Amino acid sequence: MEWNDYNSGVFFDEIMETSSQPRTVAKELYNYLKSLDKNEVLARKMASERCIEEMGVSFTIYSEGNNIDRHWPFDIIPRPIPSSEWKIVEKGLIQRIKALNMFINDVYNDQKILKDKLVPRHLIEGSSNYLKACQGITPPHGAWANISGTDLVRDGDGVLRVLEDNLRVPSGVSYMIENREITKRIFPEVFDTQCISPITDYPIRLHEMLASLSPRKDVAPVIAVLTPGIYNSAYYEHSFLAQEMGAELVEGADLFVDKDDCVYMRTINGPQRVDVIYRRVDDVFIDPEVFNKHSMLGVPGIMRAWKKGNVAISNAPGSGVADDKAVYAYVPKMIKYYLDEEAILPNVKTYLCYEDDDFAYVNEHLEDLVIKPVNESGGYGILLGPKATKEEIEEFRGLIAKNPRNYVAQPMLDLSTAPVITDQGIAPRHLDLRPFILQGENCWVTKGGLTRVAMVEGSLVVNSSQGGGSKDTWIVEQEDE
Amino acid sequence: MLSTSAERVYWLGRYIERTEDTARMLKAFSQVMMDIPKAQKLDWNMLLRILSSEHEFNKLYDEATEKNVIKFLLADIRNPSSIRSSIKAARENARTSRDVIPTAAWEMLNDLNLFIKESVDDSTHKRVRYKFLTEIISRSLQFNGMIQNSLSRNQAYDFLQLGIMLERADMTSRILDVAAGILLRRDSIEINSFDMLIWLEILKAQNAVQMYRSANGPKIEPTKVLHFILCREEFPRSIKYCLSEIERSASKLPDNQDVFEGWDLLLGQLNSFDENKEVSPEFLHRYFDDIQKGIIKIHNRISLTWFPKSIEVITEQTSDEEIDESPLQNDEDLSQKQTQA
C-alpha cells in the first residue's frame, strides 16, 4: 500500500513521524502494511466488514424518531501506543479517578472543598447532577464512579490531555474488545513479531470490581446489568458485558424492592436477591419514587435499598456531579487538594462562562473557540467556532448570555491524526482515546482503550452517534525499553 | 445390525468427532498465541503431545515450527489423525454404511471431504486458517444436527453416539492432560496473567466460556475450569456428559455387561476429581492416566462385545497407502494400546 503522499500537516500523527518515516512504536506495523499491495489491503478491509456483520457488532442511532441499528464502523489500521508512555497515563488516570471520587464523597458529605472555597458552591448546588437524595451517603470503599471512560486527546505537541471525565454511564468498552477480535482475524501475522498487550480480561476485572461492592460478604454476589432495553443505543454492549461476566441482564420491570428494602429479581424460582446492580440507566430514571415519576426504566424503591446499604449501585447515583464540563476545570486543583499531588495528566484550557473575565474573553473570541454545554454528552449541542456560520455564533452568544453557568469554552484543539483507509487511499483523520478505569476496592485501567476516529476529512467529531469510526488500540512493549 | 456395520458406524462417529475436535483445538491454540508475547509463547510441539503424534511427526519433519505442525495436523495425508485423514476415514466408513445413515448426511460428509481436499493447501496460510477451521467445525456440527434430527433412534444411532461420545471424552481428556501438565507444573514465579488466557482458550475450544461463566462467574480458575469440563453434568461437551450418553446408548444394546463394567470404572475415576482436595500436578498426572486407560478399556469392551472378532488383524494390515481401499481405518494409537492391554 502506498504511503508516498501521506501528510498529516501540522498535526501530530500517531503512526508517522514525518511523511516517510514511521514512529518507533509503529515501525513494524508500518513495514507490514507496506508489504501488502492495494488489493490485499482492500480485501482485508472487506473481510473486517464481513467479520463485523458476522459477529453482529452493532450500535443504534436515533434519527428523527427512528432507531437505526448500524454495523460498527471500524478502520483496520491499528493505533499503537508505546507501553512506556502508557505506564504514565495509567498512573495519571488512577490519580484522577481517586481525586474525583474523593470529591464526590466530599460534596455529598462534609463539603470541605466548598467550605474552603476551592470550588464555588453554586457550581455544585446549582447543578442538575447534584442529587440531594444522595447526601450523607458513603458507598463501599468511598467509590462513587466505579466505571469511568475518560476521553483523552493528543494535542499538536504530542501531549495527551484529558478532554472529559465520563463518570455517568460511559459506553464503548465492548467495542474495544471486539475491535481486537477483528484485528486478530484479519491481521493474524502481526501478532507473531510484536508484543501487544491483551485486553480480554476487562469483563473479569469488571466482575471483580462489582463483586467488591457487594453488601453480602458471606455469599457469592448476585450481579445484574440494568439496561434501559433493546432500543438503547448501547444495548449491544449491555448484553455483551452481562454475557461475558455471567451476570443477569435485567430491565427495570425484572426487579422490585420488597418490604425488607432489598432488591429482588423475578425469576421462575421466585424472587432472588440482587447484591450489585451495574446500571446503564441515567440517574434520573433510576427510581420513580425519588426522581422522574414517569420513568418506566427504573425500579421504585431502589434508592431506599441503596441508602440502607442493601444493594450496591454502580456507578453510584449522583456521581454525575463531577462529570460536568465546568467542574472538570477544577480537577487539577482537586488532585492537589485531596492527594497533595500535581496532576500527571493535564487538562485542556477551559473558560468558565460564569467567571467575568472568562465570559468577556469568550464573548470576544467566539469564532476561535469550541463552546460546550456543561451537561450534554455524545457531542450534542456543541459550537465549533471556526467552522460555524454567523447565525450560529450569534445564537450561541445569546444562549451563553442567558445562562452562563451552562457553558464552557475551549480552544480549538489540534487533535492528533492517524492513517485511515478511505475510498481515495490512505489519509490522515483526527482521533481521540477512551480508556476505561475501574474503581472499587482496587483501581485498574484498561491496556489502551477505545480509539474513536472522525471519518470525515478535517472533522474533529469522533462520536459514533455522529458518524465516527473506531480503531483497535495497541499498547506495544518495545524490546529496547 | 451386522457387527461389521456396527463397527463402521462407530468409527464414523469417532472420526467425524475427531475432525471437529482437532479443528477446535487448532483454532483455540492459534488464537491464544496471538495474545501471548513473543518470549512466553507456547511450544507448537504441545499440539503434537496432545495427539500423541510426536513420534509420527519427527519421522516426517525436522522441526516443530508453526508451519510444520499446522501442515502435519491439518493437511498431511501421511498423518492418520490429521484433519484431512480423519474426514477421509469418516467418509470411507460412511460410504460403506450408506444403508444405515440418512442420504443427506452422507452427502454432507462428501461435501465436507471435498471442501477440505480443495482448500486444505491454502488453509495453512495464517489468515485463512481461522475461516477454514470455523467452516470445518460448523459443517461437522451440521452433520451432527442432521443425524440428531433424522436418524431413528435405532442401533445405528447408538453406535454412532458411542463413537462420537467416546472420541469427545478422549480428545477432551488429552487436551486437559497436556495443558494442565504444562500450566500447573510451572513454578509460581513463572505463572503470569497469560495462563489465564490459555485456560480461557481451553474453555473456548469446548464452546464452554459462556456456560462456564454463567455457572462460575467470569473469573477463570484452573481448578474450576477442570471441574467444569470434566464433571459438569449439564454441559454437553463435558466428559461426565459423554459418559451419560454412552450409558444411554449402551443400555439399549444387548450383552452390555462388560461395557458397563468399564463404564462404572471410568465414572469412578472421573468422580475422584471432586474427592481430591488438592489439585496437584502429580495428582492430575495419575488422574488423566487413569481416565485415558478407562477410555481405552471401554473402547476395547465395545469392540470385543459387538465388533467382528478379527479386528486386530484388520488393524495391523491397514497401512497408509491402503486407506482408500479399506472400509475401516482404525485408530493406530488406540490399537497399539489395545495390544498392550
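Reminder, nothing fancy here: chain letters follow the sequence lines and each chain counts from 1. Note that the structure is a prediction, hence the values are computed from the model and not measured.
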### Which atoms of A:L206 approach chain B - backbone, side chain, both or neither, heavy atom under 4.5 Å
neither

### Summary
One option among A:D192, A:V190, A:I196 has the most heavy-atom pairs under 4.5 Å with chain B, and it is A:D192

### Message
side chain to side chain donor-acceptor pair (under 3.5 Å), that's the test. Do A:T451 and A:T473 meet it? Break it down for me.
### Response
CA-CA 6 Å; A:T451 291; A:T473 312; 2.6 Å; yes

### Query
So which of B:Q210, B:R129, B:Q31 has the biggest tally of heavy-atom pairs under 4.5 Å with chain A?
B:Q210

#### Entry: Interface moiety of A:E208 toward chain B, non-hydrogen atoms closer than 4.5 Å
side chain

### Neighbour count above 12 (heavy atom, 6.0 Å) for B:D274 CG
yes

### Task
Measure the acute angle between the ring planes of B:H227 and B:F273, then classify it against the limits of 30° and 60° as parallel, tilted or perpendicular.
tilted

### Query
Of the backbone (N, CA, C, O) and the side chain (C-beta and beyond), which part of B:E66 lies under 4.5 Å from a heavy atom of chain A, both, or neither?
side chain

### Query
Would you call the rings of A:Y235 and A:H238 parallel, tilted or perpendicular, where under 30° means parallel and over 60° means perpendicular?
perpendicular

### Query
How about A:N179 and A:S470: does a side-chain donor come under 3.5 Å of a side-chain acceptor?
yes

